[in-house]
Amino acid sequence: MVLHAAPKGDAHLPDRAVERARGGNKFEKLKLQKDGSAMWTEIHELAAILRDGNTSWDAIDADDIDIRLKWAGLFHRRKRTPGRFMMRLKVPNGILSSQQLRFFATCLRPYGPHGCGDVTTRMNIQLRGVLLEHAAQICDGLYQLGLTSFMSGMDNVRNLVGSPLAGIDPLEMVDTRQLCHDINDMITDSRKGRPQLTNLPRKFNIAVSGSRDDFAHTHINDIGLVPMAHPQTAHIGFNVVIGGFFSIKRDAEALPMDVWLPQSDVVRFCETVLLWFRDHGDRKNRQATRLMYMVDQLGMKTFRDQIESAMGAPLQRAVKGGPEYDQPAERRNVLGVHPQKQPGLSWVAACVPAGRLETADFDAIAHIADKYSNGEVRLTVEQNILFPNVPNERVQQMLAEHLFERFSVAPGRIMGNLVSCTGAQFCGLALIETKNRAISLAEELEKVVHVPRDVRIHWTGCPNSCGQVQVADIGLMGCPAKKDGKAVEGVKIFVGGKIGEGAELGEKVADRIPATKEDLIPKLVDILVDQFGGVRKDT
Ligand code: SRM
Ligand code: SF4
């Protein structure tokens with residue numbers, strides 16, 4: 001089904017980029033035929049056509065339904081739940097209101113058992129089970145509530161990650177909230193969708209860190225902003241790291257750009273890099289189009305020179321950490337109850353196992369937020385939830401609420417640090433089921449081994465590494481395996497990822513291990529005992 005004439009992909013690209021796109025990969029050609037931004041209006045027509053009851057979703061052009069709708073944040077789950085969509089939002093800095101959470105529940109409720117949601121590894125929300133006939137209405141509702149799903153997939157900038165403790169952290173260097181919002185508004189034209197920035201050569205990630213803990217994981221983002229006080233002025237700005245990413249072909253840690261940015265230049269800097277990437281980025285082999293490949297080709301110095309000239313003013317060189325960096329800093333775990341910088345207030349952070357939220361959970365979380373945290377809830381890249389600004393005298397009453405039986409503030413050292421990507425339940429690229437397996441293995445491990453420290457176990461269903469196994473203490477990545485001569489779901493095991501200051505990517509230590517309890521538990525217990533001080537429990 002072809003709707004009205006929609007913008008061609010060259011409408012918002014300069015000639016230089018159009019030329020690259022013409023000689024580019026199949027997605028570039030698809031974008032040239034019709035820009036993904038067409039979907040920002042076409043969803044209304046598609047929804048209306050489907051609502052009239054005479055047309056089924058499979059009559060819609062397959063490129064629109066499977067690919068272009070991702071520009072509106074709608075990911076058709078053709079392989080797992082045909083006709084139903086995952087809807088990925090943008091939640092800058094991971095901050096939500098109870099009103100927004102209740103809206104999610106209202107959207108999901110009509111879908112019964114098909115409806116659920118996830119907290120993602122970019123402190124974001126994805127809604128599941130969505131039908132296209134309702135999508136336009138949901139998009140309008142999101143916009144009215146200060147959110148959007150536009151520009152959250154394909155060749156767009158992903159959710160802006162900041163500090164989950166922004167504005168409440170006694171050790172905060174910079175409050176990331178306004179910056180994340182401002183960058184998001186620049187990218188999305190205040191959530192309406194910005195055609196000029198929607199046809200990048202590839203996806204793009206930006207993270208703004210607020211403290212030495214680097215809760216935002218700057219080292220695995222295309223642009224990472226690392227807070228640093230200027231030695232002369234003591235103004236807190238950011239040293240910039242560039243080009244971090246994971247993919248099937250390559251994993252790269254971000255490299256220092258040798259630039260320090262005052263806060264006032266951050267939005268313009270991000271915009272300049274994005275426009276530069278749009279215009280100069282390679283569009284041929286999709287597996288070699290992330291920003292790091294451009295930096296490889298040019299060298300960091302030339303890349304910096306080009307950005308500098310596009311900004312029209314010299315960029316300051318990176319600064320070294322001042323006296324506040326003299327002492328070693330241990331990365332904190334935000335889970336549990338912690339005093340804020342505001343006297344008399346605490347934050348309360350709870351574990352959402354593997355990030356999965358059922359429809360009723362959204363209402364239940366909203367209810368607790370209204371009762372104890374002025375209606376505010378925050379999300380973390382560990383897929384957990386945090387309630388800020390809880391008066392100290394109300395914490396005990398709050399912890400007695402039923403919600404914390406399901407989402408514990410004191411989970412085990414393994415369960416409390418579990419992360420998992422979507423996996424085969426919904427993701428067509430998955431080689432294994434992840435979330436349920438991750439939860440049941442974590443429960444089992446806590447029964448058989450005592451660990452004296454937090455151990456961060458991450459699961460990811462395929463080498464795209466949405467579950468970021470390379471940053472985990474122990475990472476499990478889906479792969480094929482064999483057991484008793486038969487093909488079974490398996491994992492590669494990574495060990496030794498470090499986050500925060502001195503971040504390092506973990507190394508693969510085992511491959512093709514069948515992902516069954518009998519095979520994995522003994523292996524993981526050995527690793528926990530040998531490398532993390534674990535002690536086997538008498539069972
Ligand atoms: Fe991802 C593609 C889920 C964070 C690297 N990712 C996908 C798709 C859209 C594939 C698909 O169409 O099915 C997955 C949707 C499955 C679903 O139904 O949920 C998917 N990615 C996710 C999420 C939901 C995992 C999670 O459970 O939290 C995360 C959503 C973040 C968000 O809110 O926007 C998610 N993905 C990541 C991250 C982690 C990060 O950003 O810190 C990475 C690695 C970092 C990076 O991008 O450099 C990541 N996802 C990928 C890639 C590989 C990118 C590449 O350059 O090759 C793909 C495949 C692609 O883009 O071609 C991919
Ligand atoms: Fe899907 Fe693979 Fe990403 Fe998991 S890592 S969500 S299986 S693309």
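When a residue number appears, it is its place in the shown sequence, counting from 1. Everything numeric in this text was worked out from a predicted model, so none of it was measured. Every number for a ligand or one of its atoms is a count from 1 in the order of the listing.
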Regarding C427, does it place an N, O or S atom less than 2.8 Å from atom 1 (Fe) of ligand 2?
yes

Any nitrogen or oxygen of S247, main chain or side chain, under 3.5 Å from a nitrogen or oxygen of ligand 1?
no

Of the side chain and backbone of K79, name the one, both, or neither that has a heavy atom under 4.0 Å from an atom of ligand 1.
neither

Going by the 4.0 angstrom heavy-atom rule, the piece of S465 near ligand 2 is backbone

Checking the N or O distance criterion of under 3.5 Å, is ligand 1 in contact with S152?
no

Pick from G461, C421, G428: the one approaching atom 27 (O) of ligand 1 most closely through a non-hydrogen atom:
C421

To which of R122, K435, H76, R88 does the heavy atom nearest atom 30 (C) of ligand 1 belong?
R88

Under a 4.0 angstrom heavy-atom cut-off, which atoms of ligand 1 come close to F245?
48 (O)

Is ligand 1 under 4.0 Å from a heavy atom in the side chain of K249, in the backbone, in both, or in neither?
neither

Does D118 come within less than 4.0 Å of ligand 1, judged by its heavy atoms?
no

Give the residue and atom name of whichever protein heavy atom lies nearest to atom 2 (Fe) of ligand 2, and the separation in Å to one decimal.
C462 SG, 2.3 Å

Are any of the N/O atoms in R290 less than 3.5 Å from those in ligand 1?
yes

Protein residue, atom and distance nearest to atom 16 (C) of ligand 1, heavy-atom basis:
R77 NH1, 3.4 Å

Taking a cutoff of less than 4.0 Å between a non-hydrogen atom of the residue and any ligand atom, is Q383 in contact with ligand 1?
yes

Please confirm whether R286 approaches ligand 1 to less than 4.0 Å, judged on its heavy atoms.
no

Taking non-hydrogen atoms only, is K203 closer than 4.0 angstrom to ligand 1 via side chain, backbone, both or neither?
side chain

Using heavy atoms and a 4.0 Å limit, tell me yes or no: is M123 in contact with ligand 1?
no

Taking distance alone, with N or O pairs closer than 3.5 Å, would you say N124 contacts ligand 1?
yes

S420: heavy atom below 4.0 Å from ligand 1, yes or no?
yes

Answer yes or no: does an N/O atom from Q126 fall short of 3.5 Å to an N/O atom of ligand 1?
yes

Tell me: protein heavy atom nearest atom 2 (C) of ligand 1, and distance?
C466 SG, 4.2 Å

Got an N/O contact under 3.5 Å between R202 and ligand 1?
yes

Checking contacts here: is it the side chain or the backbone of N221 that comes within 4.0 Å of ligand 1, counting heavy atoms only? Could be both or neither.
neither

